[in-house]
Amino acid sequence: MSTMNFDAIPRWRLPGLLRAMPKAELHIHIEGSLEPELIFRLAQRNGVTLPYASVEALRAAYAFTDLQSFLDIYYAGASVLLKEEDFFDMAWAYLERAAADNVIHTEIFFDPQTHTVRGVPFETVIKGLDHACHRAHQEMRISAKLILCFLRHLSEDEAMATLEEALPYKHHFIGVGLDSSERGHPPEKFARVFARAREAGLHLVAHAGEEGPPAYIRSALDVLHVERIDHGVRCVEDPALVQRLAAEGMALTVCPLSNVKLCVFETMADHNLPALLAAGLKATINSDDPAYFGGYMNQNFMETFAALPQLGAREAYTLARNSFEASFADAGAKSHWINQLDLAFEEAASPQ
Ligand code: ADE
Ligand code: ZN
């Protein structure tokens with residue numbers, strides 16, 4: 001990395017490089033990859049009536065003012081998922097899009113409680129998703145793992161019941177996370193359930209500092225013992241916390257298009273990703289809920305780099321490398337992927 005000559009990569013080559021470079025995605029809610037067309041197709045297949053007349057009417061409702069205004073529509077969209085093949089179809093469509101963006105490893109969030117409350121068995125959810133992950137690995141050579149998220153607007157007892165129901169299927173997922181409405185639901189509400197997941201040998205992550213204060217990032221670290229922070233962009237309000245995150249090499253899974261759509265930042269030009277990188281934080285770029293926020297991985301990279309001139313080839317390399325280093329893959333896979341990344345950059349730096 002130290003020998004990489006980033007200055008030899010001309011600016012005009014950056015868009016092609018952003019698209020072509022191998023990358024990992026570490027923050028994607030599979031229910032947030034449901035495109036309106038697939039929502040309507042599944043609604044028809046399952047005889048579900050939607051509160052929207054057409055694909056266009058549904059898409060027109062995607063004008064969010066904050067996280068909650070998005071979540072209300074996101075949970076309505078997920079109501080069409082009933083059978084194992086529905087979960088397969090949803091994950092397969094995402095994995096095809098991810099592979100097309102040169103995502104070679106992805107760690108996918110799923111929200112079992114969104115489905116089990118509607119009477120869909122946990123087994124139906126996990127089997128459909130797991131089948132898609134395995135088949136995508138065989139047919140598209142993309143590595144895909146699952147992370148079970150607890151809905152933080154529900155109680156810790158409900159999260160614990162979900163974890164107990166999931167543990168017999170532990171070989172199908174690699175970790176647990178925490179998502180949904182952040183404000184008023186601090187990480188410490190889930191201390192016992194994260195302790196239990198930790199005991200079971202699962203990886204731990206949590207959304208913190210998206211809309212919630214830096215104190216939520218601290219409690220995700222100190223009470224839940226998470227290994228990555230999802231979003232985390234509000235850490236900059238607490239300089240001592242920024243220092244700590246940098247010193248610990250704690251990864252932040254940043255989602256630029258999501259942040260703009262949910263009004264965390266007014267425009268992409270206001271995003272603090274350059275400041276996070278300049279502070280030495282292990283930031284990554286991710287799509288969060290690509291069907292709702294205007295794009296998948298490469299769209300996130302393209303729009304972020306187009307709006308922020310401080311970001312160049314060096315930052316592109318750092319972001320992609322961080323995505324592999326912060327993943328939960330084994331050391332051998334990580335170094336293999338980083339070698340592939342190095343090759344893509346060496347080629348871009350070589351004269352035509
Ligand atoms: N669930 C899906 N997307 C989310 C986000 N950005 N924050 C919290 N919960 C979510
Ligand atoms: Zn998220």
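One-based numbering, in listed order, for ligands and for the atoms of each. Atoms considered below: every heavy atom in the structure, side chains included; atoms not considered: hydrogens, waters and symmetry mates.
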Anything under 3.5 Å between a donor and an acceptor, one on a side chain of residues 137-144, the other on a protein residue two or more places apart or in another chain? List them.
from: Glu139; atom 1: OE2; to: Arg135; atom 2: NE; distance (Å): 3.0
from: Arg141; atom 1: NH1; to: His137; atom 2: O; distance (Å): 3.2
from: Ser143; atom 1: OG; to: His105; atom 2: ND1; distance (Å): 2.6

Let me see the working for Phe190 and Phe194 under ring pair (Phe, Tyr, Trp, His ring centres under 6.0 Å), right down to the final yes or no. CA-CA 6 Å; Phe190 296 91; Phe194 270 67; 7.2 Å; no
Should the pair Phe110 and Phe173 be assigned to parallel (<30°), tilted (30 to 60°) or perpendicular (>60°) ring geometry? perpendicular
Pairs flagged by ring-ring contact (aromatic ring centres under 6.0 Å, His included) wherever residues 244-263 is involved - sequence neighbours left out: none
Note on the Zn ion (ligand 2): protein N/O/S atoms within less than 2.8 Å are His27 NE2, His29 NE2, His207 NE2, Asp288 OD1
Hey, does Tyr292 have a side-chain heavy atom less than 4.5 Å from the side chain of Phe64? yes
Pairs under 3.5 angstrom, nitrogen or oxygen on both sides, ligand 1 versus protein: list them out, please.
from: ligand 1; atom 1: 3 (N); to: His29; atom 2: NE2; distance (Å): 3.3
from: ligand 1; atom 1: 3 (N); to: Asp289; atom 2: OD1; distance (Å): 3.4
from: ligand 1; atom 1: 3 (N); to: Asp289; atom 2: OD2; distance (Å): 2.6
from: ligand 1; atom 1: 6 (N); to: Glu210; atom 2: OE2; distance (Å): 3.0
from: ligand 1; atom 1: 6 (N); to: His231; atom 2: NE2; distance (Å): 3.4
from: ligand 1; atom 1: 6 (N); to: Asp288; atom 2: OD1; distance (Å): 3.4
from: ligand 1; atom 1: 6 (N); to: Asp288; atom 2: OD2; distance (Å): 2.7
from: ligand 1; atom 1: 7 (N); to: Glu210; atom 2: OE1; distance (Å): 2.8
from: ligand 1; atom 1: 9 (N); to: Ser180; atom 2: N; distance (Å): 2.8

Centroid-centroid distance, Phe70 to Phe293, less than 6.0 Å: yes
Please verify the inter-ring angle class for His27 with His207; under 30° counts as parallel, over 60° as perpendicular, anything in between as tilted. perpendicular
For the residue pair Tyr296 and Tyr94, categorise the inter-ring angle as parallel (less than 30°), tilted (30 to 60°) or perpendicular (more than 60°). parallel
Only one of Leu14, Leu18, Leu277 clears side-chain contact (heavy atoms from CB on, under 4.5 Å) with Leu311; which? Leu277
